[in-house]
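These numbers come from the heavy atoms of this one structure, side chains and all, not from hydrogens, waters or symmetry mates.
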Amino acid sequence: MGAAGVGWGKAILFGEHFVVYGLPGIAASIELNTTCTFEKNKSGIASNDLVTGEVIRYGDDKGKRLNQVLEIIFNETGIREGNFRLAMSTNMSVKGGMGSSAALAVSITRCLDREFGLGISDEKVNDIAFKVEKLFHSNPSGIDNTVSTFGGLLWFVKGGMGNKMERIGVKRPVEAVLIDSGIIRDTGEAVDFVKGQREKEPEKFSGMFEEYNGIALDARKAIEEGDWKGVGVLMNRNQELLREMEVSSKEIEEIITACLNAGAFGAKLTGAGLGGNAIALTPGRNLQEKVAKECKKAGFETYKILIGVQG
Ligand code: PMV
């Protein structure tokens, strides 16, 4: 067995969709990740698609998306020939909301970097993963690949002259629960839907953007102070804006109600919405366990995570 590379999964605490328009987002890496392991192969390059489970050969039509991902990474790294298998494995949901596409790109790039001693910097890994993100939807903010590359709890602002990323310090990591609605959806579709809504109602959106900006600034301060009650209230307010944006869904609302009834400090969708995942803030192991149990009882898959473990 050869080298391995890891890409972290992420949870957006504040700002999905808003970040696409240059407003600040707050996101954290989670313990869930995707790993790529380099193995020798008899002939040619092969890999396995985490979504379909298919084994694909590089250059074949089958597994088109994974082939496109490999094409970008091979172009950027200069590694495009050989007899090897990039063995992919993951413990995160590939249905959307955990940044699985960014984690895929980061893990493959890091694996090749280690195996061939390419000396690729983190910035370059991030850049390559961003190029891959563009395959999955046309206008990514860059938040997923940034968190997947650098890890930790980050303040992220997309900018024309380059993105801004700052680490947010916390007194101690805090417990949260990710809940999978079971509805698979496409990030690109959700981003395009929001774009269309904004074009129809520019004034409504500029009001929402202004309100959200205040929420993000207050949230950063509350996180730094360890004011988790305050953070929860702000998450709920962020969710109200996402509802107004019409990217929430019946299942997400059902999950949020279950989480808040079980005592979560705050709950909202995380990722692009229209299905995908929700996140509940649940400081303390007991509350985390209680909220996860209620969601499981309602039929949803849950992941217990810690926010603020530095990358
Ligand atoms: O659905 P996810 O986990 O890929 O998150 C998408 C976040 C968006 O803000 C909706 C899009 C983006 O590129 O930032």
Side-chain angles (χ1 to χ4, degrees), residues 9-19 25-28 30 32 92-99 173-187 189-191 193-194 197 204 207-208 211-212 214-216 218-219 222-223 227-308:
K10 67 96 205 6
I12 298 182
L13 290 172
F14 291 92
E16 43 278 280
H17 291 292
F18 294 96
V19 278
I26 300 177
I30 54 181
L32 305 170
M92 68 170 100
S93 162
V94 289
K95 286 181 221 149
M98 291 192 192
V174 67
E175 292 79 5
V177 185
L178 281 180
I179 309 102
D180 189 341
S181 72
I183 309 293
I184 306 177
R185 51 90 198 120
D186 186 75
T187 302
E189 246 169 60
V191 170
F193 170 74
V194 171
Q197 295 293 95
K204 176 180 155 188
M208 280 163 60
E211 190 180 339
Y212 169 73
I215 292 176
D218 289 351
I223 291 171
D227 170 15
W228 299 118
K229 282 256 183 274
V231 175
V233 169
L234 292 161
M235 282 171 74
N236 295 339
R237 282 184 52 206
N238 189 167
Q239 174 61 19
E240 269 169 41
L241 293 177
L242 291 163
R243 252 177 227 136
E244 260 182 71
M245 228 179 227
E246 296 176 41
V247 288
S248 194
S249 72
K250 184 169 76 51
E251 296 78 11
I252 293 286
E253 292 302 326
E254 196 188 319
I255 292 168
I256 289 172
T257 306
C259 291
L260 296 177
N261 285 344
F265 285 21
K268 60 183 275 296
L269 69 84
T270 181
L274 302 176
N277 286 267
I279 183 167
L281 185 65
T282 55
R285 291 272 171 215
N286 290 344
L287 183 58
Q288 186 186 41
E289 192 54 55
K290 190 169 170 222
V291 169
K293 214 166 130 192
E294 280 308 308
C295 292
K296 264 190 233 157
K297 218 161 65 186
F300 298 105
E301 199 173 335
T302 61
Y303 300 81
K304 285 181 265 180
I305 58 166
L306 268 182
I307 301 288

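In this structure, Asn236 CG and Leu281 CG are separated by 9.5 Å, a value rounded to the nearest 0.5 Å. Rounding to the nearest 0.5 Å gives a distance of 8.0 Å between CD1 of Ile30 and CD1 of Ile307. Here Leu234 contributes atom CG and Asn238 contributes atom CG; the two are 8.5 Å apart, rounded to the nearest 0.5 Å. We find the CE-CE distance between Met208 and Met245 to be 4.0 Å, quoted to the nearest 0.5 Å. Note that the CD atom of Gln239 and the CD1 atom of Ile215 stand 11.0 Å from one another [nearest 0.5 Å]. Between the CD1 atom in Ile255 and the CG atom in Leu260 there is a gap of 12.0 Å [rounded to 0.5 Å].
The minimum heavy-atom distance linking Ser181 with Glu251 is given by the pair CB-CB, 3.9 Å. The two residues Ile179 and Cys295 make their nearest non-hydrogen contact at CG1-SG, 3.8 Å. The minimum heavy-atom distance linking Gly308 with Pro173 is given by the pair O-CG, 4.1 Å. Contact between Ala280 and Val291 at its shortest, heavy atoms only, is CB-CG1, 4.1 Å. Scanning both residues, Ala11 and Ile305, for their nearest heavy atoms gives CB-CD1, 4.3 Å. Taking both residues in full, the closest heavy atoms of Leu287 and Ala262 are given as CD1-O, 3.6 Å, listed atom of the first, atom of the second, then distance.
Ser248 and Glu253 share a side-chain donor-acceptor pair at under 3.5 Å.
Although no hydrogens or angles enter the test, the distance criterion places no donor-acceptor pair under 3.5 Å between the side chain of Tyr212 and the main chain of Phe18. Listed for the Arg185 side chain is no donor-acceptor partner under 3.5 Å among the backbone atoms of Ala190. The main-chain N or O of Ile12 is found under 3.5 Å from a side-chain atom of Thr270 such that the two form a donor-acceptor pair. A side-chain donor-acceptor contact under 3.5 Å links His17 to the backbone of Ala272. Using modelled atom types, no side-chain atom of Glu294 and backbone atom of Ala258 make a donor-acceptor pair closer than 3.5 Å.
Among pairs with a residue in residues 258-283, those fulfilling salt bridge (charged side-chain N to carboxylate O under 4.0 Å, His left out) read Glu16-Lys268, at least two apart in sequence or across chains.
Salt bridge Lys304/Glu289: present, at least one basic N to carboxylate O contact under 4.0 Å.
Using a 4.5 Å cut-off on side-chain heavy atoms (C-beta onward), Gln197 and Glu246 make contact. Residues Thr302 and Asp180 are not in side-chain contact: their nearest non-hydrogen atoms beyond the backbone lie 4.5 Å or more apart. In this structure the side chain of Arg237 reaches within 4.5 angstrom of the side chain of Glu211, judged on heavy atoms. Looking at Leu32 and Tyr303, their side chains come closer than 4.5 Å, going by heavy atoms from C-beta outward. A 4.5 Å side-chain heavy-atom check between Val233 and Phe265 finds every atom pair outside the cut-off.
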### Task
Check the pair Lys290, Asn286 against side-chain contact (heavy atoms from CB on, under 4.5 Å), reporting the backbone distance first and the verdict last.
CA-CA 6 Å; Lys290 190 169 170 222; Asn286 290 344; over 6 Å; no
### Message
Working note: Met98 + Lys10, criterion side-chain contact (heavy atoms from CB on, under 4.5 Å); need CA distance, chi angles, decisive distance, verdict.
### Response
CA-CA 5 Å; Met98 291 192 192; Lys10 67 96 205 6; 5.7 Å; no
### Query
Going through the checks in order, is the side-chain contact (heavy atoms from CB on, under 4.5 Å) test met by Ile279 and Leu13?
CA-CA 8 Å; Ile279 183 167; Leu13 290 172; 3.6 Å; yes
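In this view, Asn277 satisfies the side chain to side chain donor-acceptor pair (under 3.5 Å) rule with no residue, not counting sequence neighbours.
For the pairing with Phe14, the side chain to side chain contact (heavy atoms under 4.5 Å, CB included) check across Ile26, Val19, Asp218 returns one residue only, Ile26.
Within 6.0 Å of the NZ atom in Lys204, the count of heavy atoms belonging to other residues, nucleotides or ligands exceeds 12.
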